[in-house]
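Okay, so here's the structure we're looking at.
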Amino acid sequence: MPRIPADFQRNVFINCPFDEQYTPMFNAIVFAVHDIGFRPRCALEASNAGQFRLAKIMKIIEECKYSIHDLSRTEVDGVSGLPRFNMPLELGIDLGCRRFGRSHHREKICLVLDVEQHRYQQFISDISGQDIYAHGGSEQRLIEIIRNWLRQELDPRTTIIPGGLMIFHRYQDFQNDLPAICVQLNWNPTQLPFADFSYAVATWITEHPL
């Protein structure tokens, strides 16, 4: 029998832009995933210099039952004059893993996001038929979507989590507390690697349980 990766049932792969403009949205995703009781994973955690970047991403995708794919950043780059296709590529890898992977990969579930509801049809129409959720560039709306999506994976008889608005307010409180957390850890709050930010989120949630 194939070995199921550790924490497969809790791991959430995040496929999104990693530029400065998207950072507030990315941070909101990481916080929401943590606050609901899951573990965020993404390409930024991979540090093995001897492994190709795509191989790192595929390894992480293999280890995650859940995945969040934000396709909102596909416009033409102002410098190169070309669109960015990393996010659609990683979505395709994830869908392929679910279809052609091992038996436990049949359980994989993905959430596809865009800035507008039907905009994706103009650049990746092959995913028509999937539920695409529009966040409109709003951190609050993004958190609400993720909360409602992951809520379906928790047993309603034993697990109660607050609504998306409450989680968004908790995220705002965390943001206010983050500079003080970074002072305690001798970190620069404006230059936090993914692992450090994720640790700060997890620590804050432990100290401020739902």
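What's counted below: heavy atoms across the whole structure, side chains too, no hydrogens, waters or symmetry copies.
- Y22 and V115 are not part of a single hydrophobic cluster, where members link through side-chain heavy atoms under 4.5 Å apart.
- Contact between A32 and I146 at its shortest, heavy atoms only, is CB-CG2, 4.2 Å.
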Going through the checks in order, is the side-chain contact (heavy atoms from CB on, under 4.5 Å) test met by E90 and D94? CA-CA 6 Å; E90 292 174 26; D94 191 37; over 6 Å; no
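- To the nearest 0.5 Å, atom CZ of residue F18 and atom OG1 of residue T23 are 10.0 Å apart.
- Contact check for I205 versus F31: side-chain heavy atoms found under the 4.5 Å cut-off.
- A pairwise comparison of heavy atoms in I143 and G164 identifies CG2-O, 3.8 Å as the closest pair.
- When every heavy atom of A134 is checked against every heavy atom of R141, the shortest pair comes out as O-NE, 3.7 Å.
- Inspection of the H135 and D70 side chains reveals an N or O donor paired with an N or O acceptor under 3.5 Å.
- Heavy-atom minimum distance, I132 versus L113: CG2-C, 4.4 Å.
- Residues I161 and T159 have side chains in contact (heavy-atom distance under 4.5 Å, counting atoms from C-beta outward).
- D173 and H208 share no side-chain donor-acceptor pair at under 3.5 Å.
- Atom CZ of residue R73 and atom CD of residue Q21 lie 4.5 Å apart, to the nearest 0.5 angstrom.
- No chain of hydrophobic side-chain contacts below 4.5 Å, direct or via other Ile, Leu, Val, Met, Phe, Trp or Tyr residues, connects M166 to W149.
- Judged by distance alone, the side chain of K108 and the main-chain N or O of G101 form no donor-acceptor pair under 3.5 Å.
- For the residue pair N11 and E63, the shortest heavy atom distance occurs at ND2-O, 2.8 Å.
- The structure places CG of L210 at 11.5 Å from CD1 of I160, a figure rounded to the nearest 0.5 Å.
- Between H34 and V30 the shortest side-chain heavy-atom distance falls below 4.5 Å.
- Atom CD of residue Q9 and atom NE2 of residue H104 lie 9.5 Å apart, to the nearest 0.5 angstrom.
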Stepwise, does the side-chain contact (heavy atoms from CB on, under 4.5 Å) test hold for N148 with Q152? CA-CA 7 Å; N148 293 338; Q152 302 176 61; 5.6 Å; no
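- To the nearest 0.5 Å, atom OG of residue S67 and atom CG of residue L95 are 7.5 Å apart.
- Not one N or O on the side chain of E153 forms a donor-acceptor pair closer than 3.5 Å with the backbone of L150.
- Put simply, the side chain of R147 gets close to the backbone of P162: a donor and an acceptor are under 3.5 Å apart.
- The closest side-chain heavy-atom distance from D177 to W204 is below 4.5 Å.
- In this structure, the side chains of S138 and L142 stay at 4.5 Å or more apart for every pair of heavy atoms.
- Annotation: side chain of L44 is not in contact with side chain of P193 (no heavy-atom distance under 4.5 Å).
- Between F168 and Y171, the ring planes lie tilted relative to each other; the angle falls in the 30° to 60° range.
- One finds no salt bridge joining D7 and R41 here, because no Lys/Arg side-chain nitrogen approaches an Asp/Glu carboxylate oxygen to under 4.0 Å.
- Formation of a donor-acceptor pair under 3.5 Å by the R106 side chain with backbone atoms of R102 is found in this model.
- The ring of F38 has its center closer than 6.0 angstrom to the ring center of Y66.
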Run the numbers on L111 and H69 for side-chain contact (heavy atoms from CB on, under 4.5 Å), then give the verdict. CA-CA 6 Å; L111 170 68; H69 303 271; over 6 Å; no
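- I36 is not listed as a side-chain neighbour of R151, based on a closest heavy-atom distance of 4.5 Å or more.
- I167 contributes atom CD1, which lies 13.0 Å from atom CD of Q172 (distance to the nearest 0.5 angstrom).
- Between the side chain of H105 and the backbone N or O of E62 there is at least one donor-acceptor pair closer than 3.5 Å.
- Heavy atoms only, all atoms of each residue included: L192 and D196 are closest at CD2-CB, 4.1 Å.
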Test log, rule side-chain contact (heavy atoms from CB on, under 4.5 Å), inputs R39 and V12: CA-CA 6 Å; R39 179 189 177 198; V12 181; over 6 Å; no
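- N15 places a side-chain N or O within 3.5 Å of a backbone atom of M87 that can act as its donor or acceptor partner.
- Aromatic ring orientation, F194 versus F26: tilted (interplanar angle from 30° to 60°).
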